[in-house]
Student: 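Dumping the structure here so I can ask a few things about it.
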Amino acid sequence: MREYYLERLSGERLRQCYELAHPRLKQYLEAEIKFVLRQLESSDTVLELGCGYGRVTARLTEVAKRAVGIDNAPASIELACHLFGANSRCEFCEMDALNLAFDELTFDKVVCAQNGICAFGVDRESLFRQALRVARPGGRLVFSTYAAGFWEERLRWFETQAAAGLVGAIDYARTGNGEIVCMDGFRTGLLSPNSFQSLCCELGLKAEVTEVDGSSVFCTIVVPEVA
Ligand SMILES: C[S@@+](CC[C@H](N)C(=O)[O-])C[C@H]1O[C@@H](n2cnc3c(N)ncnc32)[C@H](O)[C@@H]1O
């Protein structure tokens, strides 16, 4: 999916996806942000992985001292800087989540919201290891995916995006079991709570997996002293 976001779903096109969302979808997006904000403290420096045009990153400074958003799509980072550059507590960098150019122990919290864990289409264990590397002991990793029960609302959102020409038409023959597949190669799945737990277990991490608003599932991990 890396190429798809880079070539077809970045900058203004990505922003449109969120702007055309129906009210229940907007409720989900807001509930996600509220959940993340509850994990933060005022002294925190926070990293958001796959920040897109900065929609969530900018909100993190409602609580945190500083927020850094990274995304590998140049058009999205450019738009984030344009929209939120005036916020001196926010910073955006073009960067790959699997190759973070930050020193170890730089961040108090590492956030990966809006199903980034699936949307990136990368090896999830490597993604967690990168997040752990830059996080401070006692800090937190906060990752989210969709709740299985939110299927109809997700489908409706992607139908609207397809009708607006932002993604291809939904390929109903291949869509199901939590995954939406479009005719142009776009696909978006989810991670079950058990898969989140198994992933963390393989990495020797203790995770708390919580459903929020009937729409998302969050996996929060307190970063151990020796990760
Ligand atoms: C579903 S969008 C979410 C955007 C943003 N988190 C939000 O909620 O508004 C996924 C984002 O991840 C970015 N992305 C995909 N693969 C990535 C990678 N390997 N490293 C960094 N960003 C990536 C895409 O460019 C896209 O902006």
Side-chain angles (χ1 to χ4, degrees), residues 1-21 25-37 46-61 67-84 90-102 107 109-131 133-134 141-146 150 153-154 157-158 160-162 166-167 178-180 182 185-191 212-213 215-218:
M1 290 313 303
R2 182 180 184 276
E3 272 65 36
Y4 193 97
Y5 278 105
L6 282 174
E7 289 160 17
R8 291 215 49 194
L9 217 48
S10 58
E12 276 300 342
R13 287 178 66 87
L14 184 67
R15 175 151 85 151
Q16 279 176 45
C17 292
Y18 291 93
E19 288 195 343
L20 55 64
L25 212 294
K26 286 195 168 146
Q27 179 187 317
Y28 143 70
L29 294 169
E30 186 60 24
E32 268 213 319
I33 292 174
K34 290 269 164 59
F35 181 87
V36 173
L37 293 181
V46 186
L47 173 65
E48 190 199 355
L49 303 174
C51 67
Y53 62 94
R55 183 183 70 83
V56 175
T57 320
R59 297 283 306 275
L60 301 179
T61 60
V68 179
I70 68 103
D71 199 287
N72 62 357
S76 293
I77 290 299
E78 197 179 314
L79 183 57
C81 291
H82 172 71
L83 293 173
F84 306 112
C90 251
E91 194 185 319
F92 298 97
C93 309
E94 185 190 323
M95 204 180 286
D96 194 300
L98 282 194
N99 190 17
L100 297 175
F102 298 110
F107 297 98
K109 309 280 155 66
V110 180
V111 174
C112 185
Q114 228 278 281
N115 199 32
I117 181 111
C118 294
F120 297 175
V122 298
D123 178 65
R124 290 162 186 159
E125 209 172 299
S126 307
L127 184 64
F128 265 62
R129 285 191 196 284
Q130 275 290 311
R133 186 183 67 75
V134 299
L141 309 188
V142 184
F143 279 65
S144 79
T145 187
Y146 291 108
F150 201 54
E153 303 295 346
R154 283 177 66 201
W157 187 28
F158 280 87
T160 313
Q161 291 178 42
L166 296 166
V167 296
E179 186 175 50
I180 297 172
C182 297
F186 181 81
R187 42 198 328 140
T188 168
L190 55 74
L191 205 64
V212 174
D213 176 56
S215 55
S216 58
V217 168
F218 273 89

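One-based numbering, in listed order, for ligands and for the atoms of each. Computation of the quantities below employed the complete heavy-atom set of this structure, encompassing side-chain atoms and omitting hydrogens, waters and symmetry-equivalent molecules.
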Student: Find all atoms of ligand 1 within a distance of less than 4.0 Å from any non-hydrogen atom belonging to Leu14, and give their numbers and elements.
Tutor: 27 (O)
Student: May I ask you to list the atoms of ligand 1 that are less than 4.0 angstrom from any heavy atom of Gln114?
Tutor: 1 (C), 8 (O)
Student: Taking distance alone, no hydrogens or angles, what donor-acceptor pairs closer than 3.5 Å link side-chain atoms of residues 109-129 to residues at least two apart or in another chain?
Tutor:
{"unit_1": "Lys109", "atom_1": "NZ", "unit_2": "Gln39", "atom_2": "O", "d": "2.9"}
{"unit_1": "Lys109", "atom_1": "NZ", "unit_2": "Asp44", "atom_2": "OD2", "d": "2.7"}
{"unit_1": "Gln114", "atom_1": "OE1", "unit_2": "Tyr18", "atom_2": "OH", "d": "2.4"}
{"unit_1": "Gln114", "atom_1": "NE2", "unit_2": "Tyr28", "atom_2": "OH", "d": "2.8"}
{"unit_1": "Gln114", "atom_1": "NE2", "unit_2": "Tyr146", "atom_2": "OH", "d": "2.9"}
{"unit_1": "Asn115", "atom_1": "OD1", "unit_2": "Thr145", "atom_2": "OG1", "d": "2.7"}
{"unit_1": "Asn115", "atom_1": "ND2", "unit_2": "Gly189", "atom_2": "O", "d": "2.8"}
{"unit_1": "Asp123", "atom_1": "OD2", "unit_2": "Ser126", "atom_2": "N", "d": "2.9"}
{"unit_1": "Asp123", "atom_1": "OD2", "unit_2": "Ser126", "atom_2": "OG", "d": "2.5"}
{"unit_1": "Glu125", "atom_1": "OE2", "unit_2": "Arg129", "atom_2": "NH2", "d": "3.1"}

Student: If every non-hydrogen atom of Thr57 is compared with every non-hydrogen atom of Ala67, which pair is closest and at what distance?
Tutor: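 For Thr57 and Ala67, the tightest heavy-atom pair comes out as O-CB, 3.7 Å.
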Student: On a heavy-atom basis, which atom in Thr188 and which in Arg154 lie closest, and how many Å separate them?
Tutor: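 Scanning both residues, the minimum pair turns out to be O-NH2, 3.0 Å.
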Student: Out of Gly121, Ala97, Gly69, Gly52, whose heavy atom is nearest to atom 20 (N) of ligand 1?
Tutor: Ala97
Student: Minimum heavy-atom separation for Gly54 and Phe92, please, with both atom names.
Tutor: CA-CE2, 3.6 Å
Student: Among all protein heavy atoms, pick out the one at the shortest distance from atom 19 (N) of ligand 1; state its residue, atom name and that distance to 0.1 Å.
Tutor: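 So the nearest neighbour among protein heavy atoms is Asp96 OD1, 3.2 Å.
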Student: Show the atoms of ligand 1 that are less than 4.0 angstrom away from any heavy atom in Glu48.
Tutor: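 This gives 6 (N) as the contact atoms.
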Student: Salt bridge check, Glu32 against Arg59: does any charged N sit closer than 4.0 Å to a carboxylate O?
Tutor: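 No salt bridge links Arg59 with Glu32.
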Student: Is Leu98 near ligand 1, meaning one of its heavy atoms is under 4.0 Å from it?
Tutor: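 Flag not set, Leu98 not near ligand 1.
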Student: Output yes when a side-chain donor or acceptor of Arg8 lies under 3.5 Å from a complementary backbone atom of Val167, and no otherwise.
Tutor: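 Absent.
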Student: Over all heavy atoms of both residues, which pair between Asp213 and Ala31 is shortest? Give the atoms and the distance, please.
Tutor: CB-CB, 3.6 Å
Student: What is the nearest protein non-hydrogen atom to atom 4 (C) of ligand 1, stated with its residue, atom name and distance?
Tutor: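 Closest protein heavy atom to atom 4 (C) of ligand 1: Gly50 O, 3.4 Å.
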Student: Around atom CD of Glu78, are there more than 12 heavy atoms from other residues, nucleotides or ligands closer than 6.0 Å?
Tutor: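 Not more than 12 within 6.0 Å, no.
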Student: What protein heavy atom sits nearest atom 26 (C) of ligand 1, and how far off is it?
Tutor: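 Looking at atom 26 (C) of ligand 1, the protein heavy atom closest to it is Asp71 OD2, 3.5 Å.
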Student: Between ligand 1 and Met95, can you find any atom pair, the residue atom being a heavy atom, that is separated by under 4.0 Å?
Tutor: yes
Student: So which protein heavy atom does atom 3 (C) of ligand 1 come closest to, and at what separation?
Tutor: Tyr18 OH, 3.3 Å
Student: Under 30°, 30 to 60°, or over 60°: which ring-plane class applies to Phe107 and Phe102, parallel, tilted or perpendicular?
Tutor: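 Geometry flag for Phe102 against Phe107: perpendicular rings.
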Student: Checking a contact table here: which protein heavy atom is nearest atom 1 (C) of ligand 1, and how many Å away?
Tutor: Tyr5 OH, 3.3 Å
Student: So which heavy atom in the protein is nearest atom 18 (C) of ligand 1, and how far is it from that ligand atom?
Tutor: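 Residue, atom and distance for the closest contact: Asn72 ND2, 3.3 Å.
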Student: Among all the protein's non-hydrogen atoms, which is closest to atom 9 (O) of ligand 1, and how far away is it?
Tutor: Arg55 NE, 2.8 Å
Student: Within less than 4.0 angstrom of ligand 1, does Cys51 place any heavy atom?
Tutor: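 The answer is yes, since Cys51 has a heavy atom less than 4.0 Å from ligand 1.
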Student: Indicate yes or no: does Glu30 engage Lys34 in a salt bridge with an N to O separation below 4.0 Å.
Tutor: yes
Student: Within a distance under 4.0 Å of any heavy atom of Ala73, pick out the atoms of ligand 1 and give their elements.
Tutor: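 Counting atoms of ligand 1 from 1, those under 4.0 Å from Ala73 are 25 (O).
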Student: Name the closest protein heavy atom to atom 12 (O) of ligand 1, giving the residue it belongs to and the distance to 0.1 Å.
Tutor: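 Atom 12 (O) of ligand 1 sits closest to the protein heavy atom Phe120 CE2, 3.2 Å.
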